[in-house]
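Structure, as structure tokens:
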Amino acid sequence: MAKPNENEPPPDPTALKTVTYGSYLRIDELLALQAPRSTGPEHDELLFIIIHQVYELWFKEVLHELDYARRLLEEGESYRVQHTFKRILTILKVLVAQLDILETMTPLEFLSFRERLEAASGFQSDQFRQLEFTLGMKSPGVVQRFPPDSRGRAALEQRYREATLWDAFLRYLAREGYAVPAEVLTRDVTTPIQPSDALQQMLMDVYRRDPKNAELCERLVDLDEGMQEWRYRHVKMVERTIGTKPGSGGSEGATYLRGTLARPLFPDLWAIRGRL
Ligand code: HEM
């Protein structure tokens, strides 16, 4: 066999293959998606756009993983659910940490382009609302806020009708042999999750004698705490950036956001802590 000539350049790996880094990841299209509106444009507007776009991409990935977790619960795949929860929680940590970057923007730097946002606000993020719906925070009023025939409206209508992660978890526990109260198992999944004393009795039993499923409960508490942490950090960032000014989305701003804190996703898992 002929020895490769050491003086010759190595073969070009891209010569015969048509997929490249740029074509696979659509880099040209991606880099064309940041369109500042301020004149200049103002230096910080690019950061503001990129950070929101990155959030939306992570929201997409978290929704993808939550759908998978629900499916794995239906299939009784408890260990793979643990693995998927770990991934979701790791992303959530990144989502919280990313706020540090935006906090390097001072109030005046934000004001330099804020009026160009007009009524745009994270309040209008349909993917954030999809996350809330999938995690159990359902509200028909939220669906109505999105224009008919829009992508966001269609996605929200679907998630509004679907079982939440909590419902999937309770059905999984029922299949694991637990006597999940019938009124909880057959609840209307389009309504917000209500705490149930009978369910809490059952969950205490899970914690006391079933380490595998108690671990799953703990991951749900992590998820709940992580979402609350994001809300808290977001409102602090809002306070330091716009103070008491109203939001561009039309709310009272920080006052409205403070009202969304400390609303647990899975109230039963918090309630049992004081009863164990
Ligand atoms: C300087 C940066 C930011 C400011 C000043 C800000 C301000 C606000 C304000 C005042 C609200 C209340 C609704 C309104 O009237 O607009 C809001 C809601 C919201 N923002 Fe931000 N925000 C900032 C960055 C972000 C980022 C990076 C995200 C990531 C996606 C985000 C996501 C959201 C979401 C999801 C809501 C709705 C929260 C809810 O209704 O519970 N915001 N924001």
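Counting starts at 1 for both ligands and their atoms, following the listed order. All figures in this text were calculated on a predicted structure; none of them were measured in a lab.
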Judged by heavy atoms only, the candidate from Leu102, Val142, Thr241 nearest atom 2 (C) of ligand 1 is Leu102
Looking at Phe48 versus Phe110, is the centre-to-centre ring distance below 6.0 Å?
yes
Would you indicate which of Arg231, Glu103, Glu109 comes nearest to atom 41 (O) of ligand 1 when only heavy atoms are counted?
Arg231
Looking only at heavy atoms, is any part of Arg129 under 4.0 Å from ligand 1, and if so is it the side chain, the backbone, or both, or is it neither?
side chain
Answer with yes or no whether Met105 contacts ligand 1, where contact means a heavy atom under 4.0 Å from a ligand atom.
yes
Linking I/L/V/M/F/W/Y whenever any side-chain heavy atoms sit under 4.5 Å apart, do Tyr55 and Leu30 land together?
no
Hey, do the aromatic rings of Phe123 and Tyr256 have their centres closer than 6.0 Å?
yes
When rounded to the nearest 0.5 angstrom, what is the spacing between CD in Glu45 and CD1 in Ile49?
4.5 Å
List the atom pairs, with distances to 0.1 Å, where a side-chain N or O of residues 85-98 and a protein N or O form a donor-acceptor pair under 3.5 Å, not counting sequence neighbours.
unit_1 : atom_1 : unit_2 : atom_2 : d
Arg87  : NH1    : Glu65  : OE2    : 3.1
Thr90  : OG1    : Lys86  : O      : 2.6

Which bit of Trp230 gets closer than 4.0 Å to ligand 1, counting heavy atoms only: side chain, backbone, both or neither?
side chain
Closer than 2.8 Å to atom 21 (Fe) of ligand 1, which protein N, O or S atoms?
His234 NE2
Proximity of Glu252 to ligand 1 by residue part, where a heavy atom lies under 4.0 Å:
neither
Test item, Ser125 contacting ligand 1 (heavy atom, 4.0 angstrom):
no
